[in-house]
Amino acid sequence: MEQRTPEAEAGARVLVVDDDPTVAEIVTGYLDRAGYVVDRAGDGPGALARAAAHWPDLVVLDLMLPGMDGLEVCRRMRGRGPVPVIMLTARGDEDDRILGLEVGADDYVTKPFSPRELVLRVESVLRRSRPAPAAASGLLRAAGLAVDPAARRATKRGAELALTVREFDLLAFFLRHPGRAFAREELMREVWGWDFGDLSTVTVHVRRLRGKVEDDPARPLLVQTVWGVGYRFDPDAGSGEA
């Protein structure tokens, strides 16, 4: 029997979108046994209709859907409101995985995959999308940025930033550790909570975050690349290549 997680105990609703009924049934079964409330859809329009009827706490979304693909579904759902997305992709389709991350997927799982691993990924993303505990909820400020972990709200010079779960976590982590260089492996462990995984996930999320917090994303000053190491948040940087 699957152990019920705190996210499942709280009645988290997961929307599973896959046109392969066998895959959808297996994923649904594992999530259901883990205690989640699960909705299913077999195509893009069906996914949008399900989401409109019962807004999910997380979406498990197949990239290759008939008609409207997963990328377009992700874009449209994100246009309606924030929601964590885990993308399902075929093995070897690295470009597609990168595209999924670029449109805002918080994670991806490569087919064929372990359903137990997927449940753990769902738990991880949901856990990090919840408000921070009081001890870690102090307002973070630097370089015109303000991050409120308790409300999961971020602003730049007073204007609210539309950040995904992982983008928010990455920005909050950087603000908590200004001036320190982190390897991509460290960021994956500290922000994603994984000791393994495709490091391009970190690269893409840093690029997306730069697009939202930098005045000139092509010449980033705040989130700088430290060649041969990784990345450093430098709120006081006034010049230099990144």
Side-chain angles (χ1 to χ4, degrees), residues 6-7 57-58 78 81-86 98 101-108 121 123-195 197-242:
E7 290 71 29
D57 296 295
L58 180 142
R78 283 281 164 74
V83 61
V85 174
I86 296 178
I98 296 299
L101 294 170
E102 289 284 11
V103 300
D106 297 282
D107 192 8
Y108 68 84
R121 296 292 183 101
E123 176 186 352
S124 173
V125 173
L126 282 173
R127 183 175 63 249
R128 290 175 178 270
S129 68
R130 291 184 299 170
S137 62
L139 191 65
L140 305 169
R141 293 183 182 275
L145 300 169
V147 172
D148 184 344
R152 293 196 67 86
R153 182 172 182 265
T155 60
K156 176 182 177 181
R157 302 188 186 105
E160 188 152 1
L161 296 172
L163 301 178
T164 67
V165 171
R166 298 300 188 188
E167 290 165 2
F168 183 94
D169 292 341
L170 186 59
L171 179 59
F173 183 81
F174 278 140
L175 263 65
R176 288 190 178 103
H177 302 90
R180 178 180 168 185
F182 290 93
R184 291 188 299 167
E185 293 88 348
E186 290 180 281
L187 291 172
M188 177 160 282
R189 182 172 61 251
E190 297 295 333
V191 177
W192 277 256
W194 308 332
D195 291 318
D198 184 352
L199 295 179
S200 65
T201 299
V202 178
T203 305
V204 171
H205 278 80
V206 167
R207 183 163 64 243
R208 284 181 54 84
L209 182 61
R210 282 170 167 166
K212 297 176 180 182
V213 304
E214 299 281 359
D215 290 334
D216 182 1
R219 296 176 61 84
L221 299 178
L222 297 175
V223 183
Q224 298 194 11
T225 297
V226 180
W227 298 111
V229 180
Y231 303 101
R232 179 184 65 238
F233 180 72
D234 190 351
D236 299 319
S239 62
E241 297 295 327

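Remark: Leu221 CG to Asp236 CG distance equals 11.5 Å, nearest 0.5 Å. Rounding to the nearest 0.5 angstrom, the gap separating the OG1 atom in Thr155 from the CG atom in Leu139 is 8.0 Å. Separating the CD atom in Glu186 from the CZ atom in Phe173 is a distance of 7.5 Å, to the nearest 0.5 Å. Taking CG from Asp169 and NE2 from His205, the interatomic distance works out to 9.5 Å, rounded to the nearest 0.5 Å. Note that CG of Leu222 is 7.5 Å distant from NZ of Lys156, once rounded to the nearest 0.5 Å.
Listed here is the closest heavy atom pair of Gly211 and Pro217: CA-CG, 3.8 Å. Looking at every heavy atom in both residues, Val165 comes nearest to Pro84 through CG2-CG, 3.6 Å. Of all non-hydrogen atoms in Leu140 and Pro149, the two that sit nearest each other are CD1-CG, 4.3 Å. Closest approach of Glu214 and Val223 over heavy atoms only: OE2-N, 2.8 Å. Contact between Asp57 and Leu126 at its shortest, heavy atoms only, is O-CD2, 3.6 Å. In this structure, Ala162 and Lys212 approach most closely via the heavy-atom pair O-NZ, 2.6 Å.
By the 30° and 60° cut-offs, the orientation of the rings of Phe174 relative to Phe233 is parallel.
By the 4.5 Å heavy-atom criterion applied to side chains, Leu161 and Phe168 are not counted as neighbours. A heavy-atom distance below 4.5 Å is found between the side chains of Thr203 and Tyr231. Inter-residue side-chain proximity for Leu170 and Val202 is flagged as unmet; no heavy-atom pair is nearer than 4.5 Å. Arg157 places a side-chain heavy atom less than 4.5 Å from the side chain of Asp215.
Salt bridge present: Asp106 and Arg78 bring a charged side-chain N and a carboxylate O closer than 4.0 Å.
Residue Glu167 is tested with Arg208, Arg207, Arg152 for a salt bridge (Lys or Arg N to Asp or Glu O under 4.0 Å); the sole match is Arg208.
No side-chain donor-acceptor contact under 3.5 Å links Glu190 to the backbone of Leu187.
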